[in-house]
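There's a structure below that I have some questions on.
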Amino acid sequence: MKIIKTNQTSWQNRHQTFTEDIKNLYELGDEPDMDALSGYNDATKGFLNMISEAIATQTPLRSLGAGWSWTKIATVNNGIMLDTKPLNTRFDVTQNSVAAGYGGDPNYLLFAQSGMSIQEIGDYLKDKNQSLKASGASNGQTIAGAIGTGIHGSAFDFGAVQECVVGIHLIVGPNRHVYLERKTAPVVSAAFISNIQAEFIQDDDLFNAALVSFGSFGVVHGVMIETEKIFLLETYMTRMPYDDSLKNIMQTLDFTNANLPCGTERPYHFAVLLNPYDMDKGAYVTTMYKRDYNNTYSPPVDNEAGIGPGDDAPAFIGLLTESIPALVPVLVNKVLGASLSLSKVDSQNNPIPQFGTMGEIFNNTTLRGRLLSAAVGFSIANVNQVIQLMMSTNSSIGPFPGLFSFRFVKKTQATMGFTRFDQTCVMELDACYSSSVYNFYTQVWKMLEDNDIPFTFHWGKVNELYPARINNMYGAAVTSWQAARNQLLDPNTIKVFTNPILQQWGLA
Ligand SMILES: Cc1cc2nc3c(=O)[nH]c(=O)nc-3n(C[C@H](O)[C@H](O)[C@H](O)COP(=O)(O)OP(=O)(O)OC[C@H]3O[C@@H](n4cnc5c(N)ncnc54)[C@H](O)[C@@H]3O)c2cc1C
């Protein structure tokens with residue numbers, strides 16, 4: 001494995017919202033002169049050696065993906081950060097590599113090294129006429145970083161990105177690396193395990209715990225992903241009144257009486273964005289429908305100024321700057337007006353769809369400026385109550401220099417996945433960077449608690465987690481997650497992969 005010791009002693013996240021003092025940052029890479037499998041196995045040895053050295057020198061390690069998180073989960077104070085992004089090889093899977101009982105088609109399996117980005121995976125799959133089943137609204141995260149915090153889009157009948165993952169190759173100690181999969185859903189054969197020279201563990205609890213584990217279960221070296229046949233998304237962004245009909249859809253995800261661009265058809269993706277400063281003009285509603293792939297469509301073009309259906313608020317919110325409160329509504333309206341591109345309409349005033357593959361619609365966001373993003377998950381049953389409370393909180397302690405957006409995600413199987421409600425509504429609060437925004441967030445979390453609304457925090461976005469809150473949110477899942485970590489990692493390795501935030505959260 002190539003290891004470049006950069007001697008970097010501080011690190012800043014992608015949004016420049018914090019800087020961490022570190023001992024070093026290692027840029028890692030596969031050996032270019034080896035074939036893919038030899039290079040992959042050589043990197044396994046490299047990780048085992050690094051853990052051994054870290055134990056000997058009592059130096060904590062932490063894997064870094066694309067550095068897109070707002071929380072200090074990819075860093076370790078005075079430790080060594082491992083930049084895994086360049087570890088981006090991948091393997092197609094043959095019949096010989098799958099278990100006799102595997103019910104799927106091996107052609108639709110991809111074994112990806114941890115640093116492959118969602119974009120790289122999407123591009124590779126497109127060439128094979130395949131697609132990922134879900135992504136976030138942007139695709140710059142690495143696959144390990146994406147599952148590390150449990151990222152989601154709004155695929156409310158499918159779930160978050162980690163639901164695509166059916167196997168994880170984890171380096172869990174100086175002498176131990178394991179391939180984990182669910183016992184109830186076996187996928188790989190002994191031949192596959194022998195290729196990557198790992199210990200084979202089939203265990204649902206261990207697998208579900210490792211899925212969303214924010215770098216605390218050692219190094220994720222590779223993941224097995226189930227893909228599907230390539231498809232197009234027929235996408236719309238329209239403005240609709242935030243009325244009983246829309247409220248009912250948001251609260252039930254029942255589309256049988258919907259008046260959406262494709263009538264009552266159940267979309268693949270459904271999201272609602274509210275600008276608290278011009279609610280009289282309605283909500284921004286994004287709907288996306290899955291369609292068979294063809295090559296006659298015009299893919300979306302990059303438009304620096306316009307934000308289409310697949311983009312989320314971070315793409316333009318950095319254009320907002322802190323302002324005196326009285327000007328916030330004007331500023332939000334101005335930035336939104338210039339940035340959000342509604343679907344064009346035809347002569348009958350019907351919205352004209354934009355078509356694209358998953359990677360074309362949810363593409364790499366252009367980040368503009370320093371911004372904050374927080375997200376909480378709660379049951380869809382609470383969504384309209386939360387919206388009402390958000391509007392009154394904004395009137396009393398705002399104005400919030402940003403937007404309220406709502407996406408919908410099916411319950412995850414990951415033990416500590418934050419999309420843990422049967423149908424989770426994820427409310428995102430994206431805003432410009434300022435201390436008043438942090439204060440607003442604090443008041444919102446308190447408001448949810450005062451109103452007895454159970455909720456969880458996105459692990460990678462701004463949050464205020466502490467042990468009592470985590471126990472409240474996850475209950476017995478915390479013990480089961482910790483038990484899995486203790487079972488997979490020996491005590492010395494646990495120390496190596498413990499960082500201050502994990503201690504602060506009471507999960508160490
Ligand atoms: C513009 C923008 C848009 C976003 N959109 C969405 C969205 O639509 N939906 C959503 O849910 N989130 C979204 N987020 C949040 C972001 O996707 C998550 O924070 C995600 O986890 C970041 O992935 P990353 O590759 O940057 O990982 P990092 O932030 O670098 O790391 C995340 C975690 O994964 C761990 N990790 C990384 N690699 C490894 C490895 N090889 N082994 C073990 N652990 C590892 C790290 O230690 C860390 O704990 C967005 C963020 C930005 C900046």
Side-chain angles (χ1 to χ4, degrees), residues 11 13-17 28 43 47 60-76 79 81-88 112-120 134-155 159-162 168-172 210-223 269 271 310-318 362-375 377 405 407 409 412 416-419 424 426 428 430 457-463 497 499 501-502 505 507:
W11 183 83
N13 64 332
R14 188 74 172 74
H15 288 294
Q16 306 158 2
T17 54
L28 309 178
F47 280 126
L61 299 175
R62 201 76 178 174
S63 300
L64 170 67
W68 274 26
S69 297
W70 277 265
T71 44
K72 293 188 173 182
I73 42 172
T75 73
V76 56
M81 291 177 70
L82 308 175
D83 181 357
T84 59
K85 206 166 180 326
L87 298 171
N88 63 351
Q113 203 175 14
S114 62
M116 257 194 121
S117 70
I118 302 292
Q119 178 174 16
E120 287 170 327
S135 81
S138 309
N139 62 5
Q141 310 91 343
T142 67
I143 184 65
I147 67 170
T149 63
I151 79 158
H152 63 91
S154 197
V161 172
Q162 70 268 15
I168 308 176
H169 183 201
L170 262 182
I171 318 290
V172 291
L211 261 187
V212 173
S213 55
F214 18 89
S216 316
F217 273 50
V219 180
V220 173
H221 190 15
V223 294
H269 173 115
D311 292 299
D312 57 351
F316 60 90
I317 214 99
F362 301 115
N363 56 16
N364 222 333
T365 299
T366 307
L367 299 173
R368 304 166 172 91
R370 219 171 168 205
L371 67 120
L372 293 173
S373 180
S405 56
R407 289 191 270 172
V409 195
T412 182
M416 293 298 271
F418 87 101
T419 46
T424 301
V426 180
E428 286 165 295
D430 298 323
F457 280 113
H458 189 309
W459 298 102
K461 295 196 172 184
V462 178
N463 64 45
F497 289 100
N499 63 357
I501 204 160
L502 203 70
W505 290 346
L507 293 173

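All ligand and atom numbering here is 1-based and tracks the order in the structure. This chain uses plain numbering: 1 for the first residue, then up along the sequence. Bear in mind the structure is a predicted one, so any value in this text is a computation, not a measurement.
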Please examine the side chains of Ile168 and Gln162, heavy atoms only from C-beta on, and report whether any two atoms are closer than 4.5 Å. no
Just going by heavy-atom distances, which of Ser135, Ser63, Ala160 is nearest to atom 39 (C) of ligand 1? Ser63
Would a 4.5 Å heavy-atom cut-off, applied to side chains only, mark Val212 and Thr412 as touching? no
From CH2 (Trp68) to OG (Ser117), nearest 0.5 Å: 9.0 Å
Ile143 vs Val161 side-chain heavy atoms within contact, under 4.5 Å: yes
Need the ligand 1 atom indices (1-based, order shown) with element for anything under 4.0 Å from a heavy-atom of Ser114. 41 (N)
Please confirm whether Ser138 comes within less than 3.5 Å of ligand 1 when only nitrogen or oxygen atoms on both sides are compared. no
Does ligand 1 have a heavy atom under 4.0 Å from the side chain of His221, from its backbone, from both, or from neither? neither
Evaluate Ile73 for polar contact with ligand 1, using N/O atom pairs at a separation under 3.5 Å. yes
Considering the heavy atoms of Phe214, write down every atom of ligand 1 situated less than 4.0 Å from one of them. 49 (O)
Nearest non-hydrogen atom to atom 37 (C) of ligand 1 belongs to which of Gly65, Ser373, Gly115, Gly222? Gly65
Is the shortest side-chain heavy-atom distance between Leu507 and Ser216 below 4.5 Å? no
Just so I know, are the side chains of Trp70 and Asn463 near enough to count as touching, which here means a heavy-atom distance under 4.5 Å? no
I'd like the name of whichever of Phe418, Phe362, Trp68 reaches closest to atom 2 (C) of ligand 1 through any heavy atom. Trp68
Would a 4.5 Å heavy-atom cut-off, applied to side chains only, mark Thr75 and Met81 as touching? yes
I need the His221 NE2 to Ile171 CD1 distance, nearest 0.5 Å. 5.5 Å
Please state which part of Ala137 comes within less than 4.0 Å of ligand 1, counting heavy atoms only: side chain, backbone, both or neither. both
Using a 4.0 Å cutoff against the non-hydrogen atoms of Val219, which atoms of ligand 1 qualify? 42 (N)
Residue pair Phe217 / Val172, side-chain heavy-atom distance below 4.5 Å: no
Do any nitrogen or oxygen atoms of Gly148 come within less than 3.5 Å of a nitrogen or oxygen of ligand 1? no
For ligand 1, find out whether one of its N or O atoms is nearer than 3.5 Å to an N or O atom of Val220. yes
Centroid-centroid distance, His269 to Phe362, less than 6.0 Å: yes
Given that the side chain starts at C-beta and the backbone is N, CA, C, O, which of these parts of His15 lies under 4.0 Å from ligand 1, counting heavy atoms, or is it both or neither? side chain
Would you please classify the geometry between the Phe418 ring and the His458 ring as parallel, tilted or perpendicular, with 30° and 60° separating the classes? tilted
With a cut-off of 4.0 Å, which atoms of ligand 1 are near a heavy atom of Ala74? 30 (O), 31 (O), 46 (C), 47 (O), 48 (C)
Region of Arg407 that comes within reach of ligand 1 [heavy atoms, distance under 4.0 Å]: side chain
Mind checking whether Ile151 has an N or O less than 3.5 Å away from an N or O of ligand 1? no
Would you check whether Gly218 reaches within less than 4.0 Å of ligand 1, judged by its heavy atoms? yes
May I ask whether Lys461 places a heavy atom under 4.0 Å from ligand 1? yes
Residue portion contacting ligand 1 (non-hydrogen atoms closer than 4.0 Å) for Thr142: both
Over 60° means perpendicular and under 30° means parallel, so tell me whether Phe214 and Trp505 are parallel, tilted or perpendicular. perpendicular
Just let me know how Trp70 lines up against ligand 1, side chain, backbone, both or neither, with a heavy-atom cut-off below 4.0 Å. side chain
